[in-house]
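See below for the structure under consideration.
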Amino acid sequence: MPALVLLGAQWGDEGKGKATDLLGGSVDYVVRYQGGNNAGHTVVVGDQKYALHLLPSGILSPGCVPVIGNGVVVDPSVLLSELSGLNERGVDTSKLLLSGNAHLITPYHATLDKVTERFLGKRKIGTTGRGIGPSYADKINRVGIRVQDLFDESILLQKVEAALDFKNQVLAKLYNRRAISPQQVVDELLGYADQIKGYVADTTLILNQAIDDDKVVLFEGGQGTLLDVDHGTYPFVTSSNPTAGGACTGSGVGPTKISRVIGILKAYTTRVGAGPFPTELFDEDGEALRSIGGEFGVTTGRNRRCGWFDAVIARYATRVNGLTDFFLTKLDVLTGWERIPVCVAYEIDGERTTELPYNQSDFHHAKPVYEYLPGWSEDITKAKTFADLPKNAQAYVKTLEEMSGAPISAIGVGPGRDETIEVNSFL
Ligand code: IMP
């Protein structure tokens, strides 16, 4: 079982950090393959809580090699500050490997992210403002700066000049901002080079060799399926591919090497930023999910929008990712409701559908069709096996499993590392 992908099955924030961390002890490499410091993993180890944005959560497991793959966009200042923050807390970060082909987020990317959002006004995406989209745009436009460019000063200047040529026109003439000096950007980037150099490696080669040597490699997706630039709720998405295929392009490991694809699925639904969300709640149930579930962004601190579980989305995630398993998280948050609505289909302009519509206007108009499952009031945080769960909680999990199209192999019943029920082993 050498290579597993672990990704969000909804709009991100499903509790991936906990799942990755659970597997961390038996995993040799944990790889991030897309996104950047827009992600937010909270990992609880003992009485310590860690919030990671850019680093793979495997960095907290001794013996595991954390890898930032070529598909990630890296803000070097964030990378170094996350590393030093962990070092101060006694975490050994020396094993980190960083792809030389990963693209950089520079200060002008963050500037552009913010001014573009402001310019969009009420059509804004609600980005994290971290420069993710502009950095990926440069990559696709072939004017991006890669990690390896940090180590060749003259090439770096040429590339930054090329990248800023057009942007400075836009900044000055369209956004009424001051032009950015290429040399200033280069000086800042060069200031990071020496500290980063020791981590840079040919991660594609290393990962393929590791798989050939039967090491366990875990690919950790950031964001979630419905934030995927191709398969999500475009344009209200992030600028990369969190879906399973992204693990291959973002790491240089071929699809035939991937053995299992695990979708992290929250027992209800949340979303940050703008865009459609059929089961969103605007009442006291939504407030209760937010406060009991602690649904505030790890990265931006924004309130997450909350709603009931949506089986249409879960089935879609199974389809576009080829999911083999689910890890159901935060089941404990639902304790106390007398009955729990679950969305089983949508009604769109009077017609009922059980598949996610590919047409964006249809999805905007989708009204959830609910089934109501009986709730439970017993504390489930101490449950160690499936049989320890109250009958109604068992039935809730089983119903979600039947509706979602893949087995639920683990269930999160509390935030702590050991508050997880393993139904089937992932390894
Ligand atoms: P960007 O990734 O900063 O460009 O933001 C694009 C969209 O993705 C916005 O709606 C963000 O709120 C959302 N987003 C980005 N990262 C995450 C995440 O880790 N969890 C949830 N939503 C995210």
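One-based numbering, in listed order, for ligands and for the atoms of each.
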Q: Please determine if T238 has a nitrogen or oxygen closer than 3.5 Å to a nitrogen or oxygen of ligand 1.
A: yes
Q. Hey, is L227 touching ligand 1 through its side chain, its backbone, both or neither, going by heavy atoms under 4.0 Å?
A. side chain
(Q) Tell me which one of V5, V72, T249, V67 satisfies side-chain contact (heavy atoms from CB on, under 4.5 Å) with Y33. (A) V5
(Q) Side chains of Q10 and F309, heavy atoms from C-beta outward: is any pair under 4.5 Å? (A) yes
(Q) Taking 4.0 Å as the limit for heavy-atom contacts, which would you say applies to F236 with ligand 1: side chain only, backbone only, both, or neither? (A) neither
(Q) Heavy atoms only, cut-off 4.0 Å: how does R302 contact ligand 1, side chain, backbone, both, or neither? (A) side chain
(Q) Applying a heavy-atom cut-off of 4.0 Å, say which part of V237 lies close to ligand 1: side chain, backbone, both or neither. (A) backbone
Q: Run the numbers for me: atoms of ligand 1, each under 4.0 Å from some heavy atom of G273, listed by number.
A: 10 (O), 12 (O)
**Q.** Residues R319, E355; criterion salt bridge (Lys or Arg N to Asp or Glu O under 4.0 Å); working and verdict
**A.** CA-CA 10 Å; R319 168 155 55 97; E355 296 297 344; 3.5 Å; yes
Q | 4.0 Å heavy-atom contact, G222 with ligand 1 | A | no
Q | Salt bridge flag under 4.0 Å for residues E280 and R305 | A | yes
Q.
Under 4.0 Å, counting heavy atoms only: does Q223 come that close to any atom of ligand 1?
A. yes
**Q.** Numbering as shown, the atoms of ligand 1 that approach G126 to under 4.0 Å (heavy-atom distance)
**A.** 9 (C), 10 (O), 11 (C), 12 (O)
Q. Are R271 and F277 in a cation-pi contact, defined as NZ or CZ under 6.0 Å from the six-membered ring centre and within 45° of the axis?
A. no
Q) Counting each atom of ligand 1 from 1 as listed, which ones have a heavy atom of W11 under 4.0 Å away? A) 21 (C), 22 (N)
Q. Which of the atoms in ligand 1, numbered in the order shown and given with their element, are less than 4.0 Å from a heavy-atom of I125?
A. 10 (O)
Side-chain donor/acceptor pairs under 3.5 Å, residues 108-115, sequence neighbours excluded:
residue : atom : partner : partner atom : Å
H109    : ND1  : T106    : N            : 3.0
H109    : ND1  : T106    : OG1          : 3.1
H109    : NE2  : D138    : OD2          : 2.8
T111    : OG1  : P107    : O            : 3.0
D113    : OD1  : T127    : OG1          : 2.9
D113    : OD2  : R130    : N            : 3.2
D113    : OD2  : G131    : N            : 2.8

Q) With only distance considered, is S239 within less than 3.5 Å of ligand 1 through an N or O on each side? A) no
Q: Looking only at distances, please establish whether an N/O atom of ligand 1 is found under 3.5 Å from an N/O atom of D13.
A: yes
Q: Report yes if some N/O of V272 lies less than 3.5 Å from some N/O of ligand 1; otherwise report no.
A: yes
Q. Can you find a pair of side-chain heavy atoms, one from L97 and one from I68, that are under 4.5 Å apart?
A. no
**Q.** Under-4.0 Å salt bridge between R290 and E295
**A.** no
